[in-house]
**Q** 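Questions regarding the structure given below will be posed in turn.
Keep in mind that the numbers below use all heavy atoms, side chains included, and drop hydrogens, waters and symmetry copies. In what follows, chains are A, B, ... by sequence order, proteins preceding strands, each numbered from 1.
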Amino acid sequence: MPSKYNPQKIEKKWQKVWEQKKLYKTSNTSQKKKYYALIEFPYPSGDGLHVGHVRSYTAMDIVARKRRMQGHNVLYPIGWDAFGLPTENYAIKTGSHPKIVTKRNTDTFRRQLKSLGFSFDWSREINTTDPDYYKWTQWIFLKFFEAGLAYKARTFINWCTKCKIGLANEEVVAGRCERCGGEVVRREKEQWMLKITAYAEKLLKGLQDVDYIPEAKIQQENWIGRSEGATIKFKVQSSKFKINEEIEIFTTRADTLFGATYLALSPEHKLIAKRKMQIVNWKEVESYITATKKKTDIEHTAEGKEKTGMELKGIKAINPATKEEIPIWVSDYVLAGYGTGAIMAVPAHDERDFEFAKKFGLPVREVIQQPNVSVLNTAYAGEGVLVNSSSFTGMQSIEAKKAIAEFVGGKITIQYKLRDWIFSRQRYWGEPIPLIFCERCKKLIKSSKFKVQSSKFIKGELLNPGWIPIKEKDLPVELPHVKSYTPTDTGESPLAGIASWVRVKCPRCGGAARRETDVMPNWAGSSWYFLAYLMSKKAFKNKTSIGNWKLEIGNFRHFMPVDWYNGGMEHTVLHLLYSRFWNQFLHDIKLVPTAEPYKKRTSHGLILGEGGDKMSKSRGNVVNPDMLVREFGADALRMYEMFIGPFNQAAVWDPRGIIGTRRFLERTWNLISNFQKPSSKQDLISKNKSSNQKRIEQLLHQTIKKVSEDIENLRINTAVSSLMILLNEMEKSEIRNPKFEMSCKKTFLRLLAPFAPHIAEELWQKSGGKKSVHLEPWPKFDKTLITEDIITLVVQVNGKMRATLKASIGISQKEVERLAFADVRVIKALDGKHPARVIYVPGKLINFVL
RNA sequence: GCCGAAGUGGCGAAACUGGUAGACGCGCCAGGUUUAGGACCUGGUGGGGAAACCCAUGAGAGUUCGAAUCUCUCCUUCGGCACCA
């Protein structure tokens with residue numbers, strides 16, 4: 001009686017066995033070569049696991065399982081990135097505490113992930129909202145503070161009107177909130193900032209040493225946005241008063257200085273308010289500035305290039321090259337946060353300046369020769385030969401940049417688009433920032449008697465007078481239990497309302513002080529989680545301290561860097577950049593062994609719902625993995641998601657597609673499960689290999705090669721199809737050699753194991769396997785068996801295929817020609833003519849050109 | 001506007017450094033097994049044509065004995081950035 005494939009039964013069974021045997025537990029001390037495979041740990045949303053998670057996790061599970069079979073000590077960990085707004089918003093709506101919601105969601109995710117048979121080392125599970133976890137997040141923040149890389153600043157921030165939260169620049173997409181799509185307005189607020197700009201150059205340079213997909217590298221490079229240029233000072237004059245003032249500008253085109261016909265300042269530029277007295281149209285200027293401040297980013301974007309501005313009448317600047325007096329304007333096309341917040345405008349050679357000059361009737365002076373003279377209605381922004389530039393006329397742009405900058409006493413500098421990371425959030429469900437504000441300590445630092453050198457104050461305290469770090473032994477600063485988490489419109493955290501929590505003693509002077517009530521952004525916990533997986537249980541139980549961290553360095557050294565990290569493209573300028581920054585910092589203070597955390601980074605494509613839209617509840621096109629596991633089995637789901645299309649491209653969910661891989665597994669079952677073990681007598685029959693057997697053997701080795709290579713290149717869709725081809729052929733072939741057949745099928749199972757671990761294990765055990773198939777060695781192919789000795793040659797006439805020939809590999813050209821000329825179709829195509837030329841590619845084709 | 005990726009059957013897609021276009025799978029068609037059903041088995045399945053053959057990889061040109069693949073122009077879709085001087 002043949003048995004039937006029943007995934008529901010065997011999948012649960014093996015999941016239990018693997019767990020009991022701790023098959024995927026990773027040793028910290030193994031002598032084997034380590035391999036650290038990482039996926040982006042999920043945010044445990046209330047919607048449960050998404051088929052998109054399954055796609056990414058299965059791919060890395062395949063890599064991890066293959067590496068294990070290849071003899072590596074593989075670490076494939078999992079955890080929860082559980083701080084965040086959706087949980088908090090859900091808690092506000094339902095009244096249940098975020099902690100409870102998180103617990104419920106992670107329980108669901110855990111159950112779902114386990115049902116898919118991923119080879120995670122569950123003993124290392126982490127949760128960013130666990131106080132034992134976030135005490136270390138807070139500790140690392142304090143290291144930034146100590147180093148002077150965390151500072152509080154009153155700046156304009158991006159305020160999401162819907163989430164009621166400040167956003168990092170990276171979180172604003174086209175003037176809208178990256179998360180909710182709500183409108184973002186500019187708001188002035190005191191915020192904690194992390195000085196990521198100090199790492200701009202390192203973050204850029206580090207990209208050279210890592211193996212990231214090119215798109216990820218390019219996106220990071222663009223985001224960091226390095227450009228070389230010069231800062232040049234322009235003297236300022238007033239018509240009425242004598243003033244001694246200069247405006248510094250940044251330009252990448254010092255070669256065009258002779259064409260600078262006005263200066264433009266950003267509305268936030270300090271000089272404007274400072275020279276209020278000298279600006280004769282101050283009222284107009286002031287109202288222009290207030291108008292621009294009111295604009296939201298969306299209005300800015302929507303307006304596009306329609307430029308606005310106001311001249312600062314009464315003051316003028318002197319072009320240091322021409323010594324001419326030029327007007328000074330204020331305009332919001334000049335950004336406060338980039339360069340010096342002021343530019344020299346060269347209308348002839350910059351499109352924006354050109355447009356502005358046209359609108360306000362400012363002079364356009366050409367100083368670079370335009371290659372094609374015909375275009376006069378736009379600026380020529382390219383480089384070239386200088387004209388109208390006094391003694392520099394005739395020089396090339398590249399030389400002139402340096403020469404002119406030097407001539408006017410400018411400084412060569414480098415600018416980055418990257419801004420510091422706004423690190424405060426005014427919500428509840430995040431890590432409290434572990435700092436205390438003490439008025440008394442502030443006064444002490446600011447007093448003239450206070451001698452900085454002799455003090456025990458650390459860098460962060462000097463930089464942020466009055467801000468005192470929590471003592472290490474007092475970490476974590478736990479989130480207090482509150483009844484209402486509702487965010488406020490005033491921009492204060494809900495924590496600010498809990499007086500008993502806010503009022504504390506100053507850790508330094510013991511006086512009355514108050515806590516920081518902002519929390520960290522949801523990127524904090526994920527900025528170092530790849531290290532947390534390596535830390536011992538003790539490290540989480542013990543107090544936070546340099547000493548206890550250093551006990552873990554051995555583990556870091558053993559496993560870092562991550563060998564292969566797969567994740568979504570949407571995290572390339574957020575999480576990926578942030579976590580590289582944290583790791584580089586920790587490396588600089590000698591707390592981790594490598595500067596770069598990830599050796600290799602790849603990216604998966606999204607899985608879209610039917611019709612090609614993003615899967616969402618509101619569209620009603622969400623696919624539930626639980627249902628698919630129940631109906632088709634985890635193995636079929638895993639294989640289908642690998643088969644659905646190229647891994648790095650978006651795929652549209654086809655509800656019927658999964659049937660294909662289910663059928664494949666069913667046929668695998670039928671072919672292998674009822675196989676009889678060969679007796680020793682039967683072995684004797686099979687001394688000679690039948691041609692059938694030879695063909696299968698060859699295909700088998702070709703498949704080993706293909707599957708092995710495809711996994712490494714994440715071309716998993718074609719790996720699956722090659723397994724299907726092999727199965728098709730094995731089914732068709734009639735081999736009368738049971739021993740060979742057995743070894744064939746066993747190799748097939750080992751190839752299948754990473755993809756469909758449960759069925760592979762069950763059939764492996766049924767075929768007499770003693771250990772788990774997942775501990776078996778990965779099959780190796782035999783080169784000599786792969787090459788075919790009978791090949792198919794293509795015969796072309798004038799490049800068109802006319803016939804194919806079967807021939808042995810060593811056949812000569814003469815022989816090929818003889819055979820080709822004998823073919824009816826070739827004779828017909830030649831039409832009695834003699835080929836003028838014959839192109840022969842040995843082993844491939846012959847082409848007769850008439 | 002700038003940067004990047006991609007356009008191949010009814011559908012998801014294959015095609016290694018230019019060398020048999022459409023592997024593998026879904027769907028569909030025909031037949032079979034079954035009391036019946038199909039998430040079963042066998043065969044077929046780009047278009048035109050009776051056939052010989054011809055036409056087909058977004059459009060158009062080019063290079064080549066030979067182009068889905070290389071070059072140029074254009075069109076479309078998706079992703080990123082968006083006044084960064």
Side-chain angles (χ1 to χ4, degrees), chain A residues 173-175 213-216 218-219 221-223 225-227 229 249-253 256 264 297 300-301 303-307 331-335 337-346 349-353 355-356 381 415-419 569-570 572-573 605-606 612 631-632 636 639-640 643-646 648-664 666-667 670 706 709 715 717-725 727-728 792-804 825 828-829 835-841 843-850:
Chain A
V173 177
I213 46 165
E215 299 96 293
I218 290 167
Q219 273 191 34
E221 277 163 10
N222 290 346
W223 191 262
R226 180 187 201 271
S227 53
I249 59 96
F250 172 74
T251 180
T252 55
R253 294 298 303 273
T256 63
D297 281 8
H300 256 282
T301 320
E303 272 170 16
K305 291 211 161 97
E306 185 56 33
K307 292 192 173 47
S331 172
D332 65 355
Y333 88 89
V334 182
L335 304 174
Y338 184 77
T340 59
I343 61 157
M344 69 173 202
V346 186
H349 304 293
D350 183 283
E351 274 179 52
R352 295 152 300 181
D353 298 345
E355 200 194 321
F356 192 83
Q415 286 293 332
Y416 300 92
K417 287 188 201 173
L418 185 72
R419 316 280 170 82
M569 259 334 266
E570 71 274 19
T572 339
V573 282
L606 293 175
E631 204 170 328
F632 298 96
M639 283 207 100
Y640 174 57
F643 190 55
I644 196 166
N648 58 354
Q649 277 173 38
V652 176
W653 186 262
D654 177 0
R656 288 172 306 224
I658 191 170
I659 290 165
T661 50
R662 170 65 194 250
R663 280 182 193 147
F664 163 77
E666 217 144 311
R667 281 165 42 214
N670 292 338
K706 176 109 180 98
E709 288 171 358
R715 300 169 56 140
N717 53 331
T718 51
V720 173
S721 84
S722 68
L723 285 170
M724 287 172 167
I725 292 168
L727 179 74
N728 290 347
T792 309
L793 273 167
V794 172
V795 184
Q796 295 181 335
V797 177
N798 279 341
K800 279 199 175 137
M801 205 269 286
R802 293 296 165 179
T804 56
R825 294 185 62 207
K828 214 170 165 188
R837 229 178 117 189
V838 178
I839 288 150
Y840 179 60
V841 185
K844 280 239 166 97
L845 88 160
I846 189 154
N847 187 11
F848 300 109
V849 187
L850 296 179

**Q** Base, sugar-phosphate alone, or nothing: which one does A:Thr792 contact when heavy atoms must sit under 4.0 Å apart?
**A** base
**Q** Please pick, from B:C81, B:A23, B:G66, the nucleotide with the shortest atom-to-atom distance to any side-chain atom of A:Trp223.
**A**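 Output: B:C81.
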**Q** Mind telling me if B:G9 is syn or anti? Syn here is a glycosidic angle within 90° of 0.
**A** syn
**Q** Which protein N or O atoms sit under 3.5 Å from an N or O of nucleotides 60-64 of chain B?
**A**
none

**Q** Among B:G19, B:A23, B:G27, which nucleotide sits nearest the side chain of A:Ile725?
**A**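 Taking heavy atoms from C-beta onward, the closest nucleotide is B:A23.
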**Q** If the plane angle is over 60° it's perpendicular, under 30° parallel, otherwise tilted; pick one for A:Phe356 and A:Tyr333.
**A**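 The arrangement is tilted - the two ring planes meet at 30° to 60°.
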**Q** How would you label the contact of A:Gln796 with the nucleic acid (heavy atoms, under 4.0 Å): base, sugar-phosphate, or nothing?
**A** base
**Q** Contact class for A:Asp353 (heavy atom, under 4.0 Å): base, sugar-phosphate, or nothing?
**A**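 Result for A:Asp353 = nothing.
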**Q** Just to be sure I understand the rule, does A:Arg825 reach a base, reach only the sugar-phosphate, or reach nothing, if contact means heavy atoms closer than 4.0 Å?
**A**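 Sugar-phosphate: the residue A:Arg825, judged by heavy atoms under 4.0 Å, touches backbone atoms but no base.
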**Q** Kindly express the pairing pattern of RNA chain B in dot-bracket notation, using | wherever a base pairs with another strand and counting only Watson-Crick or G-U pairs under 3.5 Å.
**A** (((((((..(((......[....)))((((((.......))))))(((....)))..(((((..]....))))))))))))....
**Q** Less than 4.0 angstrom between a side-chain N/O of A:Arg663 and OP1 or OP2 of B:C26, yes or no?
**A**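 For A:Arg663, the contact criterion (side-chain N or O under 4.0 Å from OP1 or OP2 of B:C26) is met.
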**Q** Could you list, one pair per line, each protein nitrogen or oxygen that sits under 3.5 Å from a nitrogen or oxygen of nucleotides 8-13 of chain B, together with the distance?
**A**
{"residue": "B:G12", "atom": "O2'", "partner": "A:Ile644", "partner atom": "O", "Å": "2.3"}

**Q** Looking only at side-chain N and O atoms, does A:Ser227 come under 4.0 Å of OP1 or OP2 in B:A85?
**A**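 Affirmative; the distance criterion is met.
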**Q** Between the main-chain N or O of A:Leu850 and the side-chain N or O of A:Asn798, is there a donor-acceptor pair closer than 3.5 Å?
**A** yes
**Q** Counting side-chain heavy atoms from CB outward, which of B:C24, B:G4, B:A85 is closest to A:Ser721?
**A** B:C24
**Q** Hey, is the side chain of A:Asn728 poking within less than 4.0 Å of OP1 or OP2 on B:G25, counting only N and O atoms?
**A**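 Yes, within the criterion.
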**Q** Under 4.0 Å between any heavy atoms, over every strand shown, what does A:Leu845 touch: base, sugar-phosphate, or nothing? Just pick one.
**A**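 The answer is base, as A:Leu845 lies within the cut-off (heavy atoms under 4.0 Å) of a base atom.
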**Q** At under 4.0 Å between heavy atoms, what does A:Met569 touch on the DNA or RNA strands: base, sugar-phosphate, or nothing?
**A** nothing
**Q** Answer with yes or no whether A:Glu215 presents, from its side chain, a donor or acceptor under 3.5 Å of a partner atom in the base of B:G80.
**A**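 No pair found.
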**Q** Within the structure, does a side-chain N or O atom of A:Arg715 lie under 4.0 Å from either OP1 or OP2 of B:C24?
**A**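 For B:C24, neither OP1 nor OP2 has a side-chain N or O of A:Arg715 closer than 4.0 Å.
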**Q** To the nearest Å, give me how far apart NZ (A:Lys800) and C1' (B:A21) are.
**A** 15 Å
**Q** Any chance the side chains of A:Asn847 and A:Arg837 put a donor and an acceptor closer than 3.5 Å?
**A** no
**Q** Quick check: any donor-acceptor pair below 3.5 Å linking the side-chain of A:Lys417 to the base of B:C81?
**A**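 Between B:C81 and A:Lys417, which were checked side chain against base, a qualifying N/O pair under 3.5 Å is absent.
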